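Have a look at the structure below before the remarks.
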Amino acid sequence: MDTMIGIIGGSGLYQIDGLEGASWVQVKTPWGRPSDDVLVGRLHGVAMAFLPRHGRGHVHSPSAVNYRANIDALKRLGCTDLVALSAVGSLREDFVPGDFVVVDQYIDRTFAREKSFFGSGCVAHVGFAHPTCPRLSGHVAAAARAAGAKVHNAATYVAMEGPQFSTLAESRLYRQWEADLIGMTGMPEAKLAREAELCYASLAMVTDFDCWHPSHGAVDVAQVVATMGRNAKVARETVARLPALLGTSRAPCPHGCDRALDHAIMTAPAQRDPELLAKLDAVAGRVL
Ligand SMILES: CSC[C@H]1O[C@H](OP(=O)(O)O)[C@H](O)[C@@H]1O
Ligand SMILES: Nc1ncnc2[nH]cnc12
């Protein structure tokens with residue numbers, strides 16, 4: 001199968017350079033409008049699609065991002081692997097602003113978002129013990145290191161609803177939970193990528209110490225933007241190194257991300273809702 005890398009750009013990363021034959025395309029989805037058009041092209045011979053999570057100009061708040069439309073659009077375009085880039089606050093002393101972190105676990109504290117493509121009329125339960133793809137995460141870590149980043153290989157990310165930053169009590173609580181990072185967009189993005197059978201890796205860029213650190217002031221947007229400004233070049237260089245690592249053709253995921261729906265759908269075929277099935281054409285067409 002041909003590789004197509006989908007890049008979801010977070011705060012401070014609204015476009016990427018160097019795509020050959022690049023054009024912004026509008027993708028229609030049954031879940032509504034994605035955050036923006038998608039930039040498609042080829043990088044070093046490998047197909048790539050880039051979608052700015054908040055839209056160009058940062059128009060959508062974390063709660064208003066249409067995560068289902070974004071994942072559907074990238075799947076519909078043919079993406080096989082998704083790399084999510086995000087700005088995050090650090091909940092630990094040794095993850096400092098400027099560091100890059102490959103996320104491997106989440107605590108989902110969001111509550112005002114659509115979190116599944118499935119529901120009444122087609123119920124599905126995908127496995128999610130390991131929410132990111134180890135194969136893709138390994139490539140992302142290698143690419144970031146080669147791009148000059150200091151990279152941590154694993155971390156638990158608390159996804160909060162926002163848009164306000166955390167209180168001091170919340171920040172301290174998440175540290176007691178032994179979470180490492182905090183952000184507002186990792187969920188339900190990772191859940192939906194798994195439902196869509198896409199390998200998903202998250203590269204988080206530490207921009208601040210949230211508000212728990214006694215020797216650092218509480219986070220504000222100016223800090224996040226300033227650190228992202230410094231990180232953007234390394235983030236772009238990381239993206240540029242991915243095609244060589246992933247290659248043009250792709251073996252099935254050894255961890256089963258691309259077969260996540262094999263045993264997930266519970267609803268009896270005769271009881272399935274044709275309207276919902278039609279909406280699931282891109283996400284679950286392989287098994288429906
Ligand atoms: C600009 S600070 C808060 C904002 O930044 C992060 O966005 P993203 O994950 O898309 O990089 C965070 O999750 C909030 O949405
Ligand atoms: N401290 C923080 N909390 C939530 N989201 C963030 N994004 C960047 N820094 C953050």
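First listed ligand is number 1; within each ligand, the first listed atom is number 1. All figures in this text were calculated on a predicted structure; none of them were measured in a lab. Computation of the quantities below employed the complete heavy-atom set of this structure, encompassing side-chain atoms and omitting hydrogens, waters and symmetry-equivalent molecules.
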Carboxylate-amine/guanidinium proximity below 4.0 Å for D273 and K279: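 A salt bridge is absent here (no side-chain N lies under 4.0 Å from a carboxylate O).
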Under 4.0 Å from ligand 1, counting heavy atoms only: the protein residues, by chain and number: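 Under the 4.0 Å cut-off, ligand 1 touches G10, S11, R53, H54, P62, S86, A87, F165, G183, M184, T185, V224.
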Between R145 and N153, do the side chains contain a donor N or O and an acceptor N or O under 3.5 Å apart?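 Their side chains do contain a donor-acceptor pair, which is all the 3.5 Å distance test asks for.
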Side-chain donor-acceptor pairs under 3.5 Å in residues 12-25, sequence neighbours left out?
| from | atom 1 | to | atom 2 | distance (Å) |
| --- | --- | --- | --- | --- |
| Y14 | OH | G12 | N | 2.9 |
| Y14 | OH | H58 | ND1 | 2.8 |
| E20 | OE2 | H44 | N | 3.3 |

Show the distances, to 0.1 Å, for all pairs joining an N/O atom of ligand 2 and a protein N/O atom that are shorter than 3.5 Å, listing one pair per line.
| from | atom 1 | to | atom 2 | distance (Å) |
| --- | --- | --- | --- | --- |
| ligand 2 | 1 (N) | D208 | OD1 | 2.9 |
| ligand 2 | 1 (N) | D210 | OD1 | 2.8 |
| ligand 2 | 7 (N) | A87 | O | 3.3 |
| ligand 2 | 9 (N) | G89 | N | 3.3 |
| ligand 2 | 9 (N) | D208 | OD2 | 2.7 |

For residues F100 and H152, establish whether the separation of their ring centroids is below 6.0 Å.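 No; H152 has its ring centre 6.0 Å or more from that of F100.
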N/O donor-acceptor pair under 3.5 Å between E197 side chain and G256 backbone: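 No, E197 side chain to G256 backbone: no donor-acceptor pair under 3.5 Å.
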Keeping the roles fixed (side chain from R259, backbone from C253), state whether a donor-acceptor pair exists under 3.5 Å. yes
Ring-face cation of R172 near W212 (centre distance under 6.0 Å, axis angle within 45°): no
Is there a side-chain contact between V102 and L203 in this structure, where contact means two heavy atoms from C-beta onward sitting under 4.5 Å apart?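 Of all side-chain heavy-atom pairs linking L203 with V102, at least one is under 4.5 Å.
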Under the ring pair (Phe, Tyr, Trp, His ring centres under 6.0 Å) definition, can you give me all pairs with a residue in residues 109-132, not counting sequence neighbours? W31-F117
